[in-house]
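Note that ligands are numbered from 1 as they come in the structure, with each ligand's atoms numbered from 1 the same way. In this chain, residues are counted from 1 in sequence order. This is a predicted model, so every value here is computed, not measured.
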Amino acid sequence: MSIDETASKIEKMEIRGAGEIARSSVLALKDYALNLDEKDPGKYLEALREGCMRLKNTRPTAVSLSNALSFLMRHAKGDSVLEIRNNLASAADEFVESSLKAIAQIADIGSHRIVDGDMILTHCNSTAAIGAIIRAHRDDKRIKVYATETRPRHQGYITAKVLAGEGVDVTLIVDSAVRFFMQEVDIVIIGADTVASNGFVINKIGTSQVALCAHEARVPVLVCAETYKFSRETVMGRIVEIEERDPLEIVDPAVFDGLDVRVKNPVFDATPPRYIDSIVTEVGVISPYAAFEIIKKLEED
Ligand code: RI2
């Protein structure tokens, strides 16, 4: 797929999920680099940077996207176009491979936090979080899952379909029923789009309400997030931008029959670390307060 095709599919959320948008963008940039007919290394790099910007600007919140593309551009080095091209292509393959490996490792580690008989609640659709749930199920733990609908895009339907397809006992609930059901829940397992250096987890809108309900009911909240979702920018004081999408995703204005009703559609929110029990990464389970250490370690590597 070309950069424009990939970018447009990400914008329309035909490609979605923090990890998936990173992997698709990396593969689109690799494809572009392999087919770009340019002999001058400087001009070649400039064209790659422009391609990167097109992809990065598609969705502003998930740092996985910019971290992945920055990783590629750091490796796009060399004296000739051929050298730069080969280095970028191998970095792209390395990123995709390590990203998929990280999801498998998180599934493995995260599943250890799920015990036989657990009632789990998950919000939205996270490959990393679902991986841990599926692993526990495959390990013969008798689990049940409440999957939130996740308005307005209904990613909870994907979660329910995937889990039911695996044979997991899954019940779909509306987002506003989370507190109603929380008393039955043993553990909340969710994903992340970005983890900030102060331990705040930015994830699908509604996550902070889910975490607040869990906190009130003394239910642990487990976040499953690959380390490329940790944000270096936040160490430098940058605030994570919360994407606002088209209000048409929520409601047709015709419903209000010409009346002046504003509709807002922020698609992520930030959950404070005090409402999060642990973050499961591919390098192990950490406290959200250790996010800064993970980011520093990534910078040293
Ligand atoms: P994985 C998704 O964002 C959800 O917020 C989900 O929790 C997060 O990305 C992580 O997903 P969206 O693309 O990387 O649905 O674990 O807005 O798949």
| note | In ligand 1, the atoms that come under 4.0 Å of a heavy atom of Ala128 are 16 (O)
| said: Give the atom numbers and elements of ligand 1 that come within less than 4.0 Å of a heavy atom of Asn203. | reply: 4 (C), 5 (O), 6 (C), 7 (O), 8 (C)
| Polar proximity ligand 1 side, Gly19 side, N/O cut 3.5 Å exclusive | yes
| request: Note the single closest protein heavy atom to atom 15 (O) of ligand 1, along with its residue, its atom name and the distance in Å. | output: Arg16 NE, 2.8 Å
| task | Give yes if a backbone or side-chain nitrogen or oxygen of Cys124 is under 3.5 Å from a nitrogen or oxygen of ligand 1, and no if not. | result | no
| query | Under 3.5 Å, side chain of Asp193 to main-chain N/O of Thr61, donor-acceptor pair present? | reply | no
| said: Looking at Glu20 and Arg23, is any side-chain nitrogen of the basic one under 4.0 Å from a carboxylate oxygen of the acidic one? | reply: yes
| task | Kindly indicate whether a cation-pi arrangement holds for Lys39 with Tyr44, taking the cut-offs as under 6.0 Å to the six-membered ring centre and within 45° of the axis. | result | no
| Nearest-contact summary for atom 16 (O) of ligand 1 - protein heavy atom, Å | Ser126 OG, 2.7 Å
| request: Return yes when Glu243 approaches ligand 1 closer than 4.0 angstrom through a heavy atom, no otherwise. | output: no
| field | Close N or O approach (Glu226, ligand 1; < 3.5 Å) | value | no
| query | What is the closest protein heavy atom to atom 10 (C) of ligand 1, and at what distance does it sit? | reply | Ala192 O, 3.4 Å
| query | Below 4.0 Å from any atom of ligand 1, is there a heavy atom belonging to Lys229? | reply | yes
| said: Please determine whether any non-hydrogen atom of Arg153 lies less than 4.0 Å from an atom of ligand 1. | reply: no
| query | Can any side-chain N or O of Asp118 pair as donor or acceptor with the backbone N or O of Ile114 at less than 3.5 Å? | reply | no
| field | Cationic N near anionic O, under 4.0 Å, Arg142 to Asp116 | value | yes
| Does Asn125 have a non-hydrogen atom less than 4.0 Å from ligand 1? | yes
| request: Could you say whether the N/O atoms of Glu20 and ligand 1 ever approach to under 3.5 Å? | output: no
| Are Tyr228 and Phe71 an aromatic pair by the rule of ring centers under 6.0 Å? | no
| query | Does Asp193 have a non-hydrogen atom less than 4.0 Å from ligand 1? | reply | yes
| field | Pair Lys30 + Asp93: basic N to acidic O under 4.0 Å | value | yes
| At the 4.0 Å heavy-atom cut-off, does Gln155 count as touching ligand 1? | yes
| note | Exactly one candidate in Arg245, Arg54, Arg16 meets salt bridge (Lys or Arg N to Asp or Glu O under 4.0 Å) with Glu11; the answer is Arg54
| query | To which protein heavy atom is atom 17 (O) of ligand 1 closest, and what is the distance rounded to 0.1 Å? | reply | Lys204 NZ, 2.6 Å
| Is any side-chain N of the basic residue among Glu249 and Arg153 closer than 4.0 Å to the acidic one's carboxylate O? | yes
| Does the N or O separation between Gly191 and ligand 1 drop below 3.5 Å for any pair? | no
